[in-house]
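Step one of this worksheet: look at the structure below.
Convention: sequence-line order gives letters A, B, ...; per-chain numbering from 1.
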Amino acid sequence: MERSIEEKWRDRWAESHIFEPVIDVGRKKFFVTVPWPYTNGSLHVGHGRTYTLGDIVARYKRLTGYNVLFPMGFHESGTPILAFSERLRNGDKDTIKLYRNYLSEYEKPEDIDRILESFREPQNIADYFSRVIIKDFMDLGYSIDWSRKFTSADPFYQEVVKWQFNQLNEKGLIKKGSYPILYSIKDENAVGEDDIKDGDTDKVSIEEFTGVLFRGEKYYLMAASLRPETIFGVTNLWLNPSATYGLIRYRGMDIVMSDSGCKKFSMQHEGVQYKGDVPSEDIIASEFQVPLSNEKIGVLTASFVDPDNGTGIVYSVPGHSIFDYIYYEKNSIKNKIRKVVKVDSNISVKFLVEKYDLVNNDGKLKEATQELYKEEFYNGTLINSGEYSGMSVEEGREAIRKEMQEKHLAFIFYETSRKAVTRSGSEVTVAVLNDQWFIDYSPEWLKEKAHNLVNSMKFYPELYRKLMNDAVDWLKERPCARRRGIGTKLPFDERWVIESLSDSTIYMLAYTNKKELENLYSHLQRIPYDILDYILLGKQVPENYDEFTMSNALKAKDEFNYWYGNDLRITAPPHISNHLAFFIMNHSAIFRGKELPGGLMISGLVISNGAKISKSKGNVISLLEIIKHYSADIYRLFMAAGADISSLLDWNEKDLSSVMKRYSYFTDILDGYSPGNDGDNYIYTWFKSSFYRNLKTYIADMESMNIRDSYIAIFYNVMNDLKNVENHGGSINTALNPVLPDWLKALSPIIPFAAEEYWHRHVDNNSFVSAQTIDINIDGKIDYNVLKSENYLDRVISDIREILKIIHIDAKRATITVYGDKQKKFLEDYPGGNLDREYRTMIGDYMKNKNRIAPEMLDEYSIIENNKGYLESILKINVDIVKTDIIQKKNPWPGRPLIEIS
RNA sequence: GCGGAGAUUGCCGAGCUAGGACAAAGGCGAUGGAUUCAGGGUCCAUUUCCGUAGGGAUUCGUGGGUUCAAAUCCCACUCUCCGCACCA
């Protein structure tokens, strides 16, 4: 569709408010949600899949008679918007470039500077992009009820979040305690995935090292290790001579580690005192004692030791570390190498170093290291390790760590799994917070409720049910508050702001009664818990409020009761272990019965031109660009029909062009269409029956959310049928005449703009196809006999073609002999066994062909007779038709006419 | 190592939960043809092998099994992907 036509319907839908449903107790409701977008930028081709699926479902449900609520809001919680704004204020070049880029798509060049300037205020970023996203969504034809829009920063909503946390607290799910968390020392704040640069694509986790203490004359050295079980194989310590080392005092011990290690350690343990630098020469000159074995070892310098990772001191186990071994080889270090782990296979450090020639070529270093660790961890046994000898590596690791910790020979040292910085550029480390607030998702009763919920919900596709149950089991404590960021203050400790995923777990409920809650808030400047208990939990009516409050509360309660129960939530796989798990847990904790979520649809990843969508690949295509270059309908068609919901969808030019080809075939047909009379000959009857059979498939597939299959039926198959009509010499116009209204209705969920335009042009200029319902009782409209006839005809054609292919004669004529009365009588009598004598000669022929004989007997003579012209034109051969009246040596059978080419 | 998904005809990708017209949908590519077509558009046909009659043979990761019948069910194995775990 041309842009102007799409714009026309976009505006007319909005003006007519057809997507803003009201309570209708006589109709079943359907409440579908998709995650609210985060408003720090515009959306791209990948984001659009989830929203498009949401709209297709919403439109389909509307079409089948449901009162559909499909709302949208915006997420503003957390630190990214603040951080970007701050970076813009600080003149950060990359950020400015990024936002210029966003803006250049939407704004005139002369306006960009002004708008960019306004972004120095964080709220303006959120406001600007929510406007942009609304426009994109409207341009894409989403049937969203915008009248219920709100954001996570709206004061009325924050009252709901406070209520939610109060509920969790009353159920004993809010805890306070110490916990290792990702932390930014500079920002003095815990950081989550959303705060970390590239945190969504490259996850950062917390690793628990064992900080092993090596006793020296003057102080201890702490080396952090993930493999404490190799302690008996230590032959020396490594230290980076160009790094700065510091001394701390902890539990009465003087301990040396790198400066950055000192900082981290002091964030992780109480009572650490920093006492100043220690020159590395001083360390190197000393000897140190290995814990447990009490052996003395020396310190060697090594440039590979990273002072910013761990403690900046590493103990060397050349017998079990490829890295150490190679360093020994290259530098001709003569220390005796010790083996402390035995495996059955021949995999060893030496073996792998030789296998991959690692001394000269370190390309495979990482791979070899992995191979070694896997082998030793799962199949290894400790040897030469004192009392631990004989233990498996898995047991021994725990036992050794435990003993060292109990004897204060080691302390826990947390480190990040990779080097990471926050979006504002400050370093991410691990800190142990002592007054961190958590939501405790671990109680048994909660897990059980959550499992029950998961098991009762619908999953599309089904395989995610298992993953969801696993996610429920994995969840433990979740830190739920931060020191800064946009969001709701924790009601029982206002120094904290509720974390951005935790404030969005039950938010969908506020769509149901947003207007009333907002009224309540502006009237009272708060929404008391007892009012929300009344609205959301159906508790006793509080008596002591004024009439305005009570009437709004009552209305809010009615809206909630009618709509709530999020029948379907559509998101993407990365949400399973966080957002969706919290969504399930929080609902399980607070709600019951019909208020619990009804279903989850999880759509697969979208990639662009064969690669993961990312700025560095340059394959980010914004939704606006799509609307401009292609059209909303094409995009929607691609999203719906391009791949099954669960599979990966690749946005690429090649597939796109084939979709566009089909779409323009469709618009050509409908542009050329004019209403006429229904045709009543064979091919029109066939088309109509075939259409309704396709419609039936469409409905069945839509009901089970097989969106792709349903559109293959109603879009592709119907158009192929139209081609078949033409091949039969029929007219598309006439064929379409009786089914056009139903066809446009069925297509409206996926290509609403075209459907709306043609509905107005060809069906009814005074109503919206987007507001129609479709009659789903269509069995009576399908004439199965005519479908079988066409099927038979196809079979005859392919039989003739097959013969033509293998006989190399110049074929002029095909004589088709169909079964007659004799064959019919045989087939009727044979099963009973009372055959007349003359028929007995047919038994042999029958047995040979019985697997190919059609079960029903069609009037094959008439079928061929009526379609003689069609057969002749398509096969380019003359056709004669004979109905046999004799018993032949080789008989024609139902579905198996005799064909003779001459 | 654990958990999950998967292995289909040149490629992509259905089908496999309810085994039977499956040589296996659809798309792409390729080949041939049509269209007053001049080379990328559209349409039609073909695209495992053999065959001068609609047939036959061999196929759905490998090897077994169940069955009158298996791409579809069962067992074992190999490999791939994802999550977890693991790593100086």
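Across the P atoms, B/rG6 and B/rG61 are found 13 Å apart, a figure rounded to whole Å. The same atom, C1', is picked in B/rC12 and in B/rU67; the two are 34 Å apart, to the nearest Å. When the P atom is used for both B/rC11 and B/rU17, the distance is 25 Å, rounded to whole Å. Nucleotides B/rU80 and B/rG15 have their P atoms positioned 25 Å apart, rounded to a whole Å. Between the C1' atoms of B/rA21 and B/rG13, the separation comes to 23 Å (whole Å). Using P as the reference atom, B/rA25 and B/rG63 are 24 Å apart when rounded to the nearest Å. To the nearest whole angstrom, the two C1' atoms, one in B/rU48 and one in B/rU35, are 32 Å apart. Comparing the C1' positions of B/rU8 and B/rA23 gives a spacing of 12 Å, expressed to the nearest Å.
Donor-acceptor pairing under 3.5 Å is recorded for the side chains of A/N724 and A/E790. Looking only at atom types and distance, the side chain of A/Y792 has a donor-acceptor partner in the side chain of A/E860 under 3.5 Å away. No side-chain N or O of A/N727 forms a donor-acceptor pair with one of A/Y870 less than 3.5 Å apart. A/Y315 and A/S225 share a donor-acceptor pair across their side chains, judged by distance under 3.5 Å alone. For A/N236 and A/D324, the side-chain atoms include no donor-acceptor pair closer than 3.5 Å. A/H320 and A/E229 are not linked by any side-chain donor-acceptor pair at a separation below 3.5 angstrom, with hydrogens and angles left out of the test. For the 3.5 Å distance criterion, the side chains of A/S704 and A/Y460 fail to qualify, holding no donor opposite an acceptor. Between the side chains of A/N733 and A/S731, not a single donor N or O lies within less than 3.5 Å of an accepting N or O.
Checking B/rG1 for Watson-Crick or G-U wobble geometry (two distances, each under 3.5 Å) identifies B/rC84 as its partner. Look at B/rG41: its Watson-Crick or wobble partner, with both distances under 3.5 angstrom, is B/rU35. Applying the Watson-Crick and G-U wobble criteria (two distances, each under 3.5 Å), B/rA7 pairs with B/rU78. Summarising the base pairing, B/rA57 is matched to B/rU48 through a Watson-Crick or G-U wobble pair whose two defining distances lie under 3.5 Å. Using N1 to N3 plus N6-O4 or O6-N4 for Watson-Crick, or N1-O2 and O6-N3 for G-U wobble, each under 3.5 Å, B/rU17 pairs with nothing. Across every strand in view, B/rA71 sits unpaired, with no contact that passes the Watson-Crick or G-U test at under 3.5 angstrom. When Watson-Crick and G-U wobble pairs are counted only if both distances are under 3.5 Å, B/rG26 pairs with B/rC12.
For the pair A/D470 CG and B/rC2 P, the interatomic distance rounds to 15 Å; values are reported in whole Å. To the nearest angstrom, P of B/rG27 lies 14 Å from CG of A/L637. The interatomic distance linking A/Y327 (OH) with B/rA88 (C1') rounds to 13 Å, in whole Å. Nucleotide B/rA53 holds its C1' atom 18 Å from the CZ atom of A/R813, rounded to whole Å. With rounding to whole Å, A/I803 atom CD1 is found 5 Å from B/rA53 atom C1'. For the pair A/N578 CG and B/rG83 P, the interatomic distance rounds to 14 Å; values are reported in whole Å. Regarding A/M468, its CE atom lies at a distance of 14 Å from the C1' atom of B/rG4, rounded to whole Å. In this structure, A/N717 atom CG and B/rA25 atom P are separated by 14 Å, rounded to whole Å.
Using a 30° and 60° split on the angle between ring planes, A/F413 and A/F265 fall in the parallel class, below 30°.
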Could you list, one pair per line, each protein nitrogen or oxygen that sits under 3.5 Å from a nitrogen or oxygen of nucleotides 40-46 of chain B, together with the distance?
| from | atom 1 | to | atom 2 | distance (Å) |
| --- | --- | --- | --- | --- |
| B/rC43 | OP1 | A/K723 | NZ | 2.9 |

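With the nearest nucleotide of RNA chain B identified for both A/A224 and A/G895, A/G895 has the one nearer the 5' end. For the pair A/R896 and A/T230, both in contact range of RNA chain B, the more 5′-proximal nearest nucleotide belongs to A/R896.
Judged by the 6.0 Å and 45° rule, A/K723 forms a cation-pi pair with A/Y665.
Shown here are the side chain to side chain contact (heavy atoms under 4.5 Å, CB included) partners of A/E802, two or more places apart in sequence or in another chain: there are none. The side chain to side chain contact (heavy atoms under 4.5 Å, CB included) check on A/E208 picks up A/R401, A/I412, A/Y414, with sequence neighbours excluded. Here A/N791 pairs with nothing under the side chain to side chain contact (heavy atoms under 4.5 Å, CB included) rule; sequence neighbours left out.
Residue A/L898 is classed as a base contact, given a heavy-atom separation below 4.0 Å to a base. Among the atoms of the strands shown, base atoms are found under 4.0 Å from some heavy atom of A/E900.
Which of B/rC28, B/rG54, B/rA88 sits closest to the side chain of A/S658 comes down to B/rC28.
Within residues 301-324 of chain A, the residues that place at least one heavy atom under 4.0 Å from RNA chain B are, in residue-number order, A/N309, A/V314, A/Y315, A/D324.
Heavy atoms only, all atoms of each residue included: A/I602 and A/P461 are closest at O-CD, 3.6 Å.
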Going 5' to 3' along nucleotides 5-22 of chain B, which nucleotides have protein heavy atoms under 4.0 Å from the base (write B), which only from the sugar-phosphate (write S), and which from neither (write -)? ----------------B-
